[in-house]
Amino acid sequence: MTPGELGLKELRDLLKKGELTCKEVIDDFKRRIDRFNKELVAFITIDWGRVYERAKKLDTSVKKEGAIFGCPIAIKDNILTKGLRTTAGSKILENYLPPYSATVVERLEREGAIIIGKTNLDEFAMGSSTENSAFFPTLNPWDKKRVPGGSSGGSAVAVASFMSPCSLGSDTGGSIRQPASFCGIYGLKPTYGRVSRYGLIAFASSLDQIGPMARSVEDIAIIMNVISGHDEKDSTSSKNPVPDYAREIENKVSPFRFGILDESEFEGIDEEIFKSYIDTVNLMEKTGGKKVKIDLPHLKYSIYVYYILATSEASSNLARYDGIRYGLRVDKETISALYMETRSKGFGMEVKRRILLGTFSLSAGYYREFYGKASAVRELIKRDFENAFREVDFIILPTTPELPFLLGEKIQDPVKMYLSDLFTITPNLAMLPAISIPVALSKNKLPIGIQIISNIFEESNLLNLSFLLEKNLNFSYNELKRRYL
Amino acid sequence: MKFDIEKILKLSMIEVDEDEKTRLKEEMGKILQWISKLEEVTIEGEGFSFLTHIPLRDDEPKVSLHRDEVISSTEGNGVFFVVPKVVEK
């Protein structure tokens with residue numbers, strides 16, 4: 001048994017008892033990162049000096065305290081880490097050293113975590129394959145010809161290939177759940193407001209949420225215990241009390257009702273994914289769930305709503321990258337030429353595309369027709385879910401319409417790429433928590449994920465059910481252990 | 001609906017070369033056509049409601065970031081940010 005395959009609780013307990021040292025744990029992860037990060041390229045930045053310094057500080061501390069004492073965690077590179085380069089996967093922030101850490105990073109460190117490195121992502125989290133990173137694409141550890149999903153592709157790969165026990169991602173329209181599904185791990189997008197966004201580089205502020213990625217529901221729950229809760233630096237963070245998720249997953253699951261959609265909603269999705277979806281529905285019935293057919297009449301519009309609202313917010317959020325205060329600057333004679341050159345050189349194609357679409361949606365003459373309309377339909381989508389959750393406790397959907405696709409397969413066709421988010425964007429629009437669970441492998445040994453959505457702030461029930469399904473599904477990491485551990 | 005690529009590029013403060021411009025114009029046309037599906041929905045009432053519920057906090061001074069730390073990762077003289085001239089005649 002190496003430290004690399006342990007869950008957070010076991011790792012922490014061994015470290016606290018002194019049966020392992022933080023240095024030994026880091027040595028073990030470093031060995032794998034040295035060997036496999038060259039080919040999978042999950043990380044953009046690792047500062048081993050800093051990592052070992054932190055390990056030493058924890059090893060020599062008198063009181064070995066904290067819920068994740070000594071546990072390594074990988075952080076998506078759009079979450080600020082004080083003094084440690086944070087790029088958002090963009091040339092425009094290639095050399096950016098944040099003067100402060102995100103609240104989630106502070107909370108993780110307060111509980112004893114070791115930040116092992118910063119993971120690759122689609123530039124500014126805009127993408128579904130991690131191919132939009134300004135630096136390099138990350139590869140899927142199940143099949144290196146395929147993408148790991150995105151935008152939190154690096155965070156998913158680090159966990160799936162045992163380079164880190166867990167990671168943080170961010171999810172604006174599926175950026176945690178889709179790569180979790182493509183890499184065969186668990187990924188939770190919490191309720192909007194459950195986790196502070198202070199220090200998350202903004203993409204679309206009304207949709208963005210930070211969440212955990214791991215190889216077990218228990219580890220997801222442990223990280224949620226640490227990062228959840230109100231933060232006065234994020235006025236949209238909620239004051240709702242935070243339950244002890246890690247304890248409550250063990251509770252007996254009480255009889256529940258779960259919603260399924262009419263099969264016509266799944267036209268065109270991959271057959272093997274559809275079969276896994278049906279299998280999971282059957283399993284949920286066997287474990288005490290009552291299946292209820294629900295109707296979400298505006299679901300079919302969510303992808304259009306999403307691409308208008310997310311790009312509108314992005315065009316506004318990304319206006320701050322002007323070459324004046326921080327980040328890349330391309331010097332020019334006039335100030336407007338400086339802005340133009342800096343932004344044109346600093347942003348990649350997908351980011352430009354989204355800024356243009358957002359600027360258009362917000363521009364005079366089109367605002368009402370685009371942003372206004374999308375915003376009104378978002379309200380209808382939210383109401384559809386409110387109505388559904390009067391009848392059911394959970395809603396089950398596939399996480400993705402297709403299996404992990406080949407590198408280069410969709411990068412030239414934005415609309416095709418956008419359709420990868422078909423099932424994951426609605427929880428963001430309706431602010432709901434949603435988890436992707438690995439349920440099976442396809443014939444070609446590619447992982448399949450299923451998504452379960454619950455009502456707002458019902459993460460505890462969601463994780464409780466996920467824990468029960470995990471025990472019944474027995475999704476195996478043996479193949480990945482054989483390759484990477 | 002007309003997508004005026006020149007106008008939108010200018011509003012976005014982004015420049016692209018002619019090839020990219022042609023490509024972007026075509027892609028934007030496709031994306032906008034795809035999005036126009038939304039025209040089917042009839043709307044009564046207002047936009048999304050969550051922004052009305054953001055709580056306010058008391059206006060009290062609090063410890064903020066330390067000046068030296070903020071300045072340390074920027075070009076500057078250790079006291080102020082130094083930026084290019086942004087005011088033109």
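Only this structure's heavy atoms are used, side chains among them; waters, hydrogens and symmetry mates stay out. We name chains A, B, ... by the order of the sequence lines, and we start the count at 1 in each one. Because the structure is a prediction, the values reported are computed rather than measured.
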Part of L24(B) within contact of chain A (heavy atom distance under 4.5 Å): side chain
Would T103(A) and K233(A) count as having a side-chain donor-acceptor pair, cut-off 3.5 Å? no
Heavy-atom proximity to chain A below 4.5 Å, by part of L9(B): both
Does one side chain, of S302(A) or T426(A), offer a donor that lies under 3.5 Å from an acceptor on the other? no
Short N-O contact, R197(A) and D208(A), less than 4.0 angstrom: no
Test: E350(A) and R354(A) ion pair at under 4.0 Å: yes
Do NZ/NE/NH1/NH2 and the carboxylate oxygens of R343(A) and E15(B) come within less than 4.0 Å? no
Residue part contacting chain A, namely of M28(B), when any heavy atom lies under 4.5 Å: side chain
Are E369(A) and K373(A) ion-paired here, with the side-chain N under 4.0 Å from a carboxylate O? no
Checking heavy atoms, do the side chain of E27(B), its backbone, both or neither come under 4.5 Å from chain A? side chain
Contact leader toward chain B among H298(A), R325(A), R329(A), where contacts are heavy-atom pairs under 4.5 Å: R329(A)
With chain A, the option among H66(B), K62(B), K30(B), R57(B) that has the most non-hydrogen atom pairs under 4.5 Å is K62(B)
When I381(A), V415(A), L356(A), L429(A) are compared by non-hydrogen pairs under 4.5 Å with chain B, the top option: L356(A)
Salt-bridged, E106(A) to K82(A), with N to O below 4.0 Å? no
Identify which part of L338(A) has an atom lying under 4.5 Å from any heavy atom of chain B, answering side chain, backbone, both or neither. side chain
Part of Y301(A) lying under 4.5 Å from any heavy atom of chain B: both
Side chain, backbone, both or neither: which part of I14(B) has a non-hydrogen atom closer than 4.5 Å to chain A? both
Below 4.5 Å from any heavy atom of chain B, which atoms of S363(A) appear? Answer side chain, backbone, both or neither. side chain
